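Everything on this sheet refers to the single structure shown next.
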Amino acid sequence: MSVATQTKLRTEHVKPKIGSRILNKKEELLSGDLADEIREELEARGVLVFPGINFTEDEQIAFTRTLGEYASENPDGSVSKITLDVKENPSAAEYLKGSLYWHIDGTRNEVPILASLLSCKVPSPKGTGNTGFSNTYAAYEELSDADKAKYDDLKVVHAPWASLFYYEPEPPLAKIKGMQAIGEKVLPLVWEHKSGRKSLVLGCTAHHVIGVDHLESAQIIHGLREWATQPDFTYSHEWEPGDLVIWDNTGTMHRAEWYDPNCGRMMLRTKLEGEEPWTV
Ligand code: OGA
Ligand code: MN
């Protein structure tokens with residue numbers, strides 16, 4: 001007689017409306033046996049924390065591949081270094097300044113990435129460099145029926161150049177033109193997913209709401225950002241070396257909290273290919 005031992009996902013909630021900690025061992029996670037349950041938990045909770053899991057770079061890639069299609073950001077398939085330190089990451093450091101403000105990754109893509117996995121190699125000093133997350137499913141679901149009806153069909157122009165002004169208030173014209181050349185994209189303010197659930201699409205790339213007076217447009221974009229980032233809907237992760245966090249990029253916003261670019265903070269990122277286009 002054989003006794004089948006089935007690995008179960010072991011979780012605990014971080015906050016009532018966002019985040020779960022996953023308590024399984026590294027080997028259990030790498031086996032792939034828990035992948036379906038992890039995907040369900042990710043959609044339900046927005047953010048999954050794997051405290052001190054200490055994946056090597058290859059293990060992070062292997063784990064990413066158990067969950068879906070690995071969307072490599074580098075030609076050699078390696079993980080991406082996330083740091084504001086220009087010595088470590090000269091080309092990306094400029095663009096990563098936008099990551100200090102609430103955003104969704106890949107708003108320029110037809111199919112935004114499904115999820116990002118970020119692991120901590122070197123944390124910043126305590127009190128700096130947390131990563132904040134906002135559950136934009138929960139934020140939508142708790143709007144009044146009148147507000148839902150008001151927002152449901154609105155469209156928003158998103159553009160990288162809109163986020164430039166967050167970290168550089170008086171940029172040279174050439175820089176504005178350079179970022180404008182990257183393009184703009186119209187996205188729904190409320191994304192109705194295949195599942196039928198709806199989430200808010202916001203962030204520092206949101207420039208204006210189409211067909212609405214400019215004052216009203218700013219109130220909608222910034223008022224909803226304030227709503228979605230209130231304590232009930234958010235979680236701020238304080239990093240320890242070896243932690244891994246996954247966020248559902250289709251139902252959350254995130255941001256890095258301020259840290260000294262020279263403090264040595266070093267994070268490693270992998271991404272999962274998107275599976276659902278924006279519904280515009
Ligand atoms: C990202 C990001 C936040 C952080 O990797 O997409 O926004 O805390 N990172 O480094
Ligand atoms: Mn990001």
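All ligand and atom numbering here is 1-based and tracks the order in the structure. All of these numbers come straight from a predicted model, not from anything done at the bench. All values below come from the heavy atoms of this structure, side chains included, with hydrogens, waters and symmetry mates left out. Throughout, residue positions are numbered sequentially from 1 according to the sequence presented.
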- Among protein heavy atoms, which sits nearest to atom 3 (C) of ligand 1, and what does the distance come to when rounded to 0.1 Å? Ala256 CB, 3.8 Å
- Does any N/O atom on Arg269 come nearer than 3.5 Å to any N/O atom on ligand 1? yes
- Task: I would like to know whether Glu275 and Arg39 meet salt bridge (charged side-chain N to carboxylate O under 4.0 Å, His left out); could you show each step before the answer?
- Result: CA-CA 13 Å; Glu275 297 176 359; Arg39 285 282 303 259; 2.8 Å; yes
- Query: Between Glu257 and ligand 1, which residue portion shows a heavy-atom distance shorter than 4.0 Å: side chain, backbone, both, or neither?
  - Reply: neither
- Item | Atoms of ligand 1, numbered as shown, that sit under 4.0 Å from any heavy atom of His254 | 1 (C), 2 (C), 6 (O), 7 (O)
- Message: Are any of the N/O atoms on Ser99, whether in the backbone or the side chain, positioned under 3.5 angstrom from an N/O atom of ligand 1?
- Response: no
- Message: Are Trp191 and Tyr140 an aromatic pair, judged by ring center distance below 6.0 Å?
- Response: no
- Query: In Asp105, which N, O or S atom comes closest to the Mn ion (ligand 2)?
  - Reply: OD1
- Determine, step by step, whether His158 and His207 satisfy the side chain to side chain contact (heavy atoms under 4.5 Å, CB included) criterion, reporting the C-alpha distance in whole Å, the side-chain angles of both residues, the deciding distance to 0.1 Å, and the verdict. CA-CA 5 Å; His158 283 251; His207 186 263; over 6 Å; no
- Cation-pi geometry met for Arg255 and Tyr101 (6.0 Å, 45°): no
- Are Phe50 and Phe55 near enough that their ring centres are under 6.0 Å apart? no
- Message: salt bridge (charged side-chain N to carboxylate O under 4.0 Å, His left out), that's the test. Do Lys17 and Glu142 meet it? Break it down for me.
- Response: CA-CA 11 Å; Lys17 292 176 190 166; Glu142 293 200 21; 3.0 Å; yes
- Closest protein heavy atom to atom 9 (N) of ligand 1, given as residue, atom name and distance to 0.1 Å: Leu118 CD2, 4.0 Å
- For His103, is at least one N or O under 3.5 Å away from an N or O on ligand 1? yes
- Task: For Asp105, counting its heavy atoms only, list the atoms of ligand 1 lying under 4.0 Å from any of them.
- Result: 6 (O)
- Query: Is there a side chain to side chain contact (heavy atoms under 4.5 Å, CB included) between Phe63 and Ile38 once you walk through the steps?
  - Reply: CA-CA 11 Å; Phe63 179 58; Ile38 292 173; 4.0 Å; yes
- Task: Start with the C-alpha distance between Glu240 and Lys126, add both sets of side-chain angles, then the distance that settles salt bridge (charged side-chain N to carboxylate O under 4.0 Å, His left out), and finish with yes or no.
- Result: CA-CA 10 Å; Glu240 297 290 341; Lys126 289 278 177 254; 3.1 Å; yes
- Task: Taking only heavy atoms of Arg265 into account, list the atoms of ligand 1 that are under 4.0 Å away from them.
- Result: 4 (C), 8 (O), 10 (O)
- Message: For atom 8 (O) of ligand 1, what is the closest protein heavy atom, and at what distance to 0.1 Å?
- Response: Thr131 OG1, 2.6 Å
